[in-house]
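Below is one structure, written out as structure tokens; comments come after it.
Please read all numbers here as calculations on a predicted model, not as lab measurements.
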Amino acid sequence: MSKVATRFAPSPTGPLHIGGVRTALFNWLFAKNKGGNFLLRIEDTDKERSKKEFQDQIIQSLKWIGINYDSDEYIQSTKISSHVKIAEELLKKGNAYKCYCSNDEIEEQKKRAKQKKIPYIYDRKWRDKNESEAPKNIKPVIRFKSKIDGKSKLKDLVQGDIEIDNNTIEDFVILRNDGTPTYNLSVTVDDHDMNVTHIIRGDDHKINTFKQMQIYDAMNWDLPVFAHIPLIHTKEGKKLSKRDKDSTLDDYSKIGIMPEALRNYLLRLGWSFKDKEIFNLEESIKYFNLEGIGKSPSKLDLNRILSMNEYYIKNMKEDNLFDQLKDFCENNKEKIPSEKEHQIKKSLVFLKNKAKTLEDIFNNSKYLISNKVNFNIEDLKLIDGTSKKIIAEFSNRIKSISKFNRESLEPLINELIMTNNTNFKGVGQPLRIALTGSKFGPGIYDIIVSLGKDEVIKRLGNKIFV
RNA sequence: GGUCCCUUCGUCUAUCGGUUAGGACACAUGGUUUUCAUCCAUGAAAGAGGGGUUCGAUUCCCCUAGGGACCGCCA
């Protein structure tokens with residue numbers, strides 16, 4: 001058996017959506033599991049809708065989530081001439097024929113079928129007609145001569161055996177009247193040329209597979225193995241499309257979901273391995289198989305994505321986490337000033353405990369990133385006379401503390417609680433608001449220590465607390 | 001409408017004829033705590049319905065219902 005090769009074949013007509021990412025992931029993991037190659041093919045034959053920017057974005061997205069393809073990307077539009085050659089060969093061999101029906105004629109047939117409520121299928125008018133009868137003013141399309149009798153069986157590795165009557169597959173167009181190949185032809189020729197052994201793709205291609213199988217058969221090419229994975233559905237239970245909310249990879253990266261987390265989530269969406277939930281990269285490759293793919297569609301669950309991301313934030317090495325945070329902030333928020341990097345990196349140890357996303361970490365570390373405190377108006381109202389007194393006392397007393405850490409601050413805080421006849425909240429809350437502008441945030445000791453003595457004194461000295 | 005596919009807690013899923021139907025997320029309650037969280041414990045929560053086959057069905061078969069995909073000279 002030849003070396004396993006899988007491929008992911010997106011069309012660059014929009015941003016890569018999450019279902020595509022999962023398809024790519026499954027193909028990639030399958031290939032890596034088998035020690036094979038994973039290839040990327042850009043299906044850009046629709047000139048109207050294909051855009052280079054989407055192609056770049058797809059490649060960028062795959063890179064982001066850590067899926068790397070073997071050898072250069074295969075650009076379908078550069079292979080059109082070989083597709084056409086095959087169409088001509090099929091024509092010569094009698095597996096295809098020229099169809100001179102006009103657009104109007106076809107439309108008319110469709111309309112009539114709709115009225116009669118019978119399924120439309122091209123009536124094979126030119127299948128056996130002599131070309132001498134061809135109208136001069138019409139450029140023909142080339143149609144594949146599909147089987148009419150009998151049944152065809154698809155041995156699908158996910159769906160099992162699927163059998164359909166051949167007469168439900170129409171004589172589909174393989175070459176348009178402008179001479180360009182259509183999807184089913186191009187895909188088949190490319191997959192064959194690329195030596196693809198396993199085609200793992202969305203459920204929505206199942207019927208196409210029956211068309212493509214006939215081309216393989218006519219050309220006497222080895223049939224690859226097919227595996228059609230169930231689609232990802234929206235909350236409403238419909239096929240997820242790029243137009244849906246939270247459907248593209250960017251929707252997740254921009255709120256601070258990390259690639260490891262999204263990869264792990266997508267792996268477990270529609271695939272399982274016993275009760276295991278967390279798979280690092282090595283485990284993903286080691287355990288991935290087609291048997292674990294379920295047959296029913298699954299819905300996206302943002303809570304689960306967030307929870308997965310939270311897990312990775314908490315369990316990731318801080319160096320790595322910081323690098324990701326840095327990139328995230330630069331790309332989506334504001335750049336972390338280089339002089340603050342060390343301080344923030346050190347603070348991750350507590351910042352990460354309160355975060356589900358990189359965005360959360362960013363929000364919780366704003367008090368460190370910015371030199372100016374941005375006060376929440378509502379929270380500021382909580383600062384009363386006693387609060388001001390406590391702030392002043394605290395500020396005064398820390399000036400004499402030489403070692404600025406939790407141990408040295410604790411007695412001081414406790415003393416303030418006693419002398420002001422209050423509880424921890426009575427002291428902690430005003431200090432937190434004064435230092436960060438908000439009553440929510442990291443633990444007060446963490447805030448104070450991470451800011452450092454000078455900065456704390458400076459912030460507590462703000463005129464509004466006098 | 002035709003063809004094909006699917007159906008276990010709200011969600012993702014485990015179970016490959018015998019289980020108190022398990023786990024995870026979300027949810028609820030309680031505990032820890034220094035706000036918000038985290039963390040820990042506990043709880044509620046499922047085999048679409050009906051027939052078979054079988055000593056025994058969530059599991060195998062059939063029907064019904066519900067859902068989905070496809071039905072382009074798009075990919």
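Residues in residues 379-391 of chain A take part in these salt bridge (Lys or Arg N to Asp or Glu O under 4.0 Å) pairs, two or more places apart or across chains: A:Glu378-A:Lys381, A:Lys389-A:Glu393.
On the P atoms, B:U42 is 22 Å away from B:A37, given to the nearest whole Å. One C1' atom belongs to B:C60, the other to B:C25, and the distance between them is 32 Å to the nearest Å. Comparing the same atom, P, in B:G22 and in B:G18 gives a spacing of 15 Å after rounding to whole Å.
A close approach under 4.0 Å does occur between a side-chain nitrogen or oxygen of A:Thr45 and OP1 or OP2 of B:A75.
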Below 3.5 Å, can you tabulate the donor-acceptor pairs from side chains in residues 433-443 of chain A to any protein atom, sequence neighbours excluded?
| unit_1 | atom_1 | unit_2 | atom_2 | d |
| --- | --- | --- | --- | --- |
| A:Thr436 | OG1 | A:Arg432 | O | 2.8 |
| A:Thr436 | OG1 | A:Ser438 | N | 3.2 |
| A:Thr436 | OG1 | A:Ser438 | O | 3.1 |
| A:Ser438 | OG | A:Phe440 | N | 2.9 |
| A:Ser438 | OG | A:Phe440 | O | 3.3 |

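Here the two rings, on A:His205 and A:Tyr183, have centers that are under 6.0 Å apart. Between A:Phe288 and A:Trp271, the ring centre distance stays below 6.0 Å.
For A:Asp190, the side chain to side chain donor-acceptor pair (under 3.5 Å) partners are A:Tyr74, A:Gln76, A:His83, not counting sequence neighbours.
Nucleotide B:A37 has no partner under the Watson-Crick or G-U criteria, as no pair reaches both atom distances under 3.5 Å. Nucleotide B:U42 has B:A28 as its partner under the Watson-Crick or G-U criteria, with both atom distances under 3.5 Å.
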Its contact letters, B for base, S for sugar-phosphate only and - for none at protein heavy atoms under 4.0 Å, make nucleotides 26-36 of chain B read S-------BBB
Letter by letter from the 5' end, nucleotides 66-73 of chain B scores (B base, S sugar-phosphate only, - none; protein heavy atoms under 4.0 Å) --SSSSSB
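Taking the ring axis of A:Phe54 as reference, the NZ or CZ atom of A:Lys52 does not stay both within 45° of it and closer than 6.0 Å to the ring centre.
Of the residues in residues 9-25 of chain A, those placing a heavy atom less than 4.0 Å from an atom of RNA chain B are A:Ser11, in numerical order.
Counting any heavy atom pair closer than 4.0 Å across all strands shown, A:Lys276 reaches no nucleic acid atom.
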